[in-house]
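Computed from a predicted structure; not experimentally measured. Letters go in sequence order (proteins before strands), and every chain restarts at 1.
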Amino acid sequence: MQQQYPFKEIEKNTQQHWNEKQSFKAKSDSDKPKYYCLSMFPYPSGKLHMGHVRNYTIGDVLSRYHHMKGFNVLQPMGWDAFGLPAENAAIKNGVPPAKWTFDNIAYMRSQLQSLGFAIDWSRELATCQPDYYKWNQWLFLRMLEKGIAYKKTQTVNWDPVDQTVLANEQVIEGRGWRTGALIEKRKIPGYYFNITDYAQQLLGDLDKLPGWPERVKTMQANWIGKSIGVRFAFSHEIKDENNTLIDDGKLWVFTTRADTIMGVTFCAVAAEHPLAMLAARTNPELAAFIEKCKTGSMSEADIATMEKEGMSTGLTVTHPLSGEQVPVWVGNYVLMTYGDGAVMAVPAHDERDFGFAKKYGLPIKQVIVASDATFSDEAWKEWYGEKAKATCIHSGRYDGLPYKAAVDAISADLAAKGLGEKQTNWRLRDWGVSRQRYWGCPIPIIHCDDCGDVAVPDDQLPVKLPEDCVPDGSGNPLNKLDSFINCTCPNCSKPAQRETDTMDTFVDSSWYYARYASGNDNQAMVNAETNYWMQVDQYVGGIEHAILHLLYSRFWSKVMRDLGLVDYDEPFANLLTQGMVLNHIFSRRTDKGGIEYYAPEEVTLVHDEHGKTIGANLIEDGQPVDFQGMGTMSKSKRNGVDPQSLIEQYGADTARFFMMFAAPPEQTLEWSDKGVEGSHRYLKRVWGFGYALSSITQAALPEKLSSKLAEARRDIHMGLKQASYDLERQQFNTVASSGMKILNTLEKMQKEAEDHWQSVAHEGFSILLRLLSPLAPHIAQSLWKELGYGDDILNASWPEALEAAMVQDKVKLMIQVNGKLRGDLEVSQATGKSKIEELVLAQECVTKFLVDDKSVRKIIVVPNKLINVVIG
RNA sequence: GCCGGGAUGGCGGAAUUGGUAGACGCACGGGAUUCAAAAUCCCGCGUUGGUGACAACGUGGGGGUUCGAUUCCCCCUCCCGGCACCA
């Protein structure tokens, strides 16, 4: 055994040991309770970044801990391998996306392996492999049969130069991000999943997920966006140039406040609404206003400060209950994408309508009484919100009705006239899955001139994606690939064309966890083993997937359940969203007004005498740079740290240990090179202590320990108890702290070298190694074997903190006078309450307050903790 | 604007049910070792006053409940994250 900490050798040998023993191969025939631990799989972008390292370390700590706790653990890994970056790399380098992707996977897999994660690699999958995406296609066809998948025409952003569809994020100021070409709105057909049919379940089942962070559930609930109200119509006889009634003479609106319907003084429609468009054709001013609304920025900041603007269409519609004529306005605050793109406006009972009415001088009519107060321009705030759901007035036959009764009566009357009914509105839209892209899962449809769109028969699946195409940026290369397109119709055997659209990559990631669990079965999408492993007991990943990926996975699970494929309906029982990894940002303003960034290694920090950082200088010229910023690691800010160089310099254990120690998993982690060194220093000390202990044979603990050794042993077991508690609540930074404290105790014992310290040390060190093994598994395993504790630390059981080791015959009680700490008192455990009070009252730190007319009013004794003497 | 989460030394952070605030680490200061440096080890380290024992203050600010509040309640400020002007 070497004296110096040979981390490279240790890590290489330990990883080899795990490989040979197949230590992490998960089997589903076990009596133990199962624990499925899953980290979100990476996109194979080229190499790992620190966010990956943090994510997978958290998952690995949980996996290894549960393994030692006696669970049958599954921790798989795979690759979210379809997607746009591969196509962009192909355009740039002329390499087929498949080759680029598989090369990246090979490199990143080796990186993951060098970090020593306890992964069952036999279950590895990549979503771009035909035996994976075959089942995307298979389930797509089942969904088509059930009507969950359907085809409709969608409006998309079309880049006329690249001949391709762009995502909203790829349209910058109306132009394509790559070409700079003006983007057109085009209507093209595509496939959709009817996720809105599942909206109620997706919302309601959030209650089945107590192990999810509250904020994620809130974000999902907001995204689904349920609102219950009444949809009704204002009728009209407005006709277009061809003398056709617009929307069959009905202006539909949705409201959650049907009780205020008698207070409507105008309607507002979106700029894209048919009535607005019609009016604009004869009103240039209105046309200009509508154009302005369309080009208006939709960014958050702009919306928050945006002025509510509008313009009259000059049109009127008929109130369905009062029969009054109501003017129609175009409002920039009405969204065409929500509801029917039109709202009723009740200025007296809606803050937005109020502002709009005040601005344009529209009438305000109060129809609800919430209190004795009368509505006024000054005291209007209280008229909005929940408490304003009170009694109707000035509402004809609805006068005197409270909120619910008024809504019931009004919706009944509307229904009787065929002009409305109660309705639930959702913000959630159906999920469009067609992408006009090459590097994705082909949609298994064949277009036949005679038979129309025909499903590819199951026995012809998978529809394989040709892997040797090199996109050149001008549209989907599949469209030019006759060998892919040309086929025969499965129905009539006539020549036909294959669909060239591919699926949204969110489809791929919506069920990969179930596929791991099936052990990559070639006969079926999922199997009995899937139901054994599912649900995922612990899912770990970034908060950026809080909405779409998690929502789609939940939806997919429910679809698979309804098709009888699986018996769970929520895929992830517990969710941990890890925080981001930040690093210092060093920068300078350049003469031209730009900002130049410097890497941390190009800068030295300046401290004052307290150690406070008061500045930073560029090493090259010794001049100051701005140093106060902290941000996510990025190329552009030049503050990234490469995991590979970290592993080479300090080893995987140091990287893992530091990441766990620096911050609790859900919080942001501030990178610190000095902190990494500190963690490395700690592991070196662990190794050094193990080396020292390796030459000392183990002996049984003596009957009676000296008080010092008993105290040391107690500290160790207390540390273990704390660490176990912290692992259960997933606070890993304090697990590392406990490990540090235990080593401090061991080293102190070693220095003092009392008789029998060696036996306490061996017991303590075997505890320490097991406690460290989830965080720094290589060094723990290596020392475990070197010291002869066992062959495989992973199979050692998690240590129990012994009550016998933790009892103490004497306890230190803190003495408070009127709640202020004044001293302490050591008493034996057995001392009774009255004896303690007697002893405390004799203490000088208490008696000195008993002067003048002061006397003891009360004594509070908290067992084994403190005594508070109240003097007054 | 709404929703969610926060604010503790020079820094990252700890404090389990209301009971010793600042564990553990980093930075910093002093010392040992060394020809010297690195590495390593030891000591100190919330602020203020005092040679000192000690005292006062101290968990974003203000109030409250309590023998006792970082922890519970009310009000306010600031920061981070999310969002939907959602009818």
(message) With syn defined as a glycosidic angle within 90° of 0 and anti as the rest, where does B/rG9 land?
(response)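 B/rG9: syn glycosidic orientation.
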Interatomic distance where [atom1] belongs to [X] and [atom2] belongs to [N] [whole Å]:
X: A/L813; N: B/rU20; atom1: CG; atom2: P; value: 12 Å
X: A/I815; N: B/rG19; atom1: CD1; atom2: C1'; value: 14 Å
X: A/Y5; N: B/rA39; atom1: OH; atom2: C1'; value: 17 Å
X: A/I224; N: B/rC83; atom1: CD1; atom2: C1'; value: 14 Å
X: A/Y333; N: B/rA87; atom1: OH; atom2: P; value: 13 Å
X: A/F354; N: B/rG1; atom1: CZ; atom2: C1'; value: 17 Å
X: A/W212; N: B/rG5; atom1: CH2; atom2: C1'; value: 18 Å
X: A/E677; N: B/rA38; atom1: CD; atom2: C1'; value: 12 Å

Given the [atom1] atoms of [N] and [M], what is the spacing between them in whole Å?
N: B/rG4; M: B/rG22; atom1: C1'; answer: 28 Å
N: B/rC76; M: B/rG82; atom1: C1'; answer: 24 Å
N: B/rG68; M: B/rG64; atom1: P; answer: 12 Å
N: B/rU70; M: B/rG9; atom1: P; answer: 14 Å
N: B/rG25; M: B/rC75; atom1: P; answer: 41 Å
N: B/rG50; M: B/rU17; atom1: C1'; answer: 40 Å
N: B/rC43; M: B/rA36; atom1: C1'; answer: 24 Å
N: B/rC11; M: B/rC3; atom1: C1'; answer: 31 Å

So which pairs with a foot in [range] pass salt bridge (charged side-chain N to carboxylate O under 4.0 Å, His left out), sequence neighbours left out?
range: residues 854-866 of chain A; answer: none
range: residues 540-551 of chain A; answer: none
range: residues 671-690 of chain A; answer: A/R685-A/E747

Between [X] and [Y], a side-chain donor and acceptor under 3.5 Å:
X: A/E728; Y: A/Y65; result: yes
X: A/R822; Y: A/Q843; result: no
X: A/S411; Y: A/E421; result: no
X: A/S227; Y: A/N425; result: no

Return the set of residues passing side-chain contact (heavy atoms from CB on, under 4.5 Å) with [X] (not counting sequence neighbours), or none when no residue passes.
X: A/E826; value: A/K810
X: A/M718; value: A/R714, A/M806
X: A/A662; value: A/F658, A/L669
X: A/E752; value: A/K708, A/K748

At 4.0 Å (heavy atoms only), tell me whether [X] reaches a base, stays on the sugar-phosphate, or touches nothing.
X: A/N744; value: sugar-phosphate
X: A/V334; value: base
X: A/G678; value: sugar-phosphate

(request) Report the residue (A/Y338 or A/K812) whose heavy-atom-nearest nucleotide on RNA chain B is the more 5′ of the two. (result)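 Per heavy-atom nearest nucleotide, the more 5' residue is A/K812.
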For the residue pair [X] and [Y], what are the closest heavy atoms and their distance?
X: A/A357; Y: A/F266; value: CB-CE2, 4.3 Å
X: A/Q220; Y: A/I547; value: NE2-O, 3.5 Å
X: A/P665; Y: A/L576; value: CB-CD2, 4.0 Å

(message) From C-beta outward on A/L866, which listed nucleotide comes closest to its side chain: B/rC28, B/rU20, B/rA87?
(response)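 When the side chain of A/L866 is considered, B/rU20 is the closest of B/rC28, B/rU20, B/rA87.
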Restricting to nitrogen or oxygen on both sides, can you table the protein-nucleotides 62-68 of chain B pairs closer than 3.5 Å?
{"from": "B/rC67", "atom 1": "O2'", "to": "A/N868", "atom 2": "ND2", "distance (Å)": "3.3"}
{"from": "B/rC67", "atom 1": "O2", "to": "A/N868", "atom 2": "ND2", "distance (Å)": "2.4"}

(request) Answer yes when A/D340 and A/R231 have at least one side-chain N-carboxylate O distance shorter than 4.0 Å, and no when they do not. (result)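 Salt bridge present between A/D340 and A/R231.
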(request) For RNA chain B, list all stems, counting runs of three or more consecutive pairs where every pair is Watson-Crick or G-U wobble with both distances under 3.5 Å. (result)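 As far as RNA chain B goes, consecutive pairing (with distances under 3.5 Å) yields the stems B:1-7 with B:77-83, B:10-12 with B:24-26, B:28-32 with B:40-44, B:46-49 with B:54-57, B:60-64 with B:72-76.
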Parallel, tilted or perpendicular: which one describes the rings of [X] and [Y], with boundaries at 30° and 60°?
X: A/H545; Y: A/H549; answer: perpendicular
X: A/H680; Y: A/F7; answer: perpendicular
X: A/F661; Y: A/F657; answer: parallel

Atom pairs under 3.5 Å: protein N/O with N/O of nucleotides 40-44 of chain B:
none

Sort me out a list of protein N/O and nucleotides 52-59 of chain B N/O pairs below 3.5 Å, or just none if empty.
{"from": "B/rA56", "atom 1": "OP2", "to": "A/R822", "atom 2": "NH1", "distance (Å)": "3.4"}
{"from": "B/rC57", "atom 1": "OP2", "to": "A/K820", "atom 2": "NZ", "distance (Å)": "2.8"}

(message) For nucleotides 6-15 of chain B, give me one character per nucleotide, 5' to 3': B if any protein heavy atom sits under 4.0 Å from the base, S if the only such contacts are to the sugar-phosphate, - if neither.
(response) ----B-BSSS
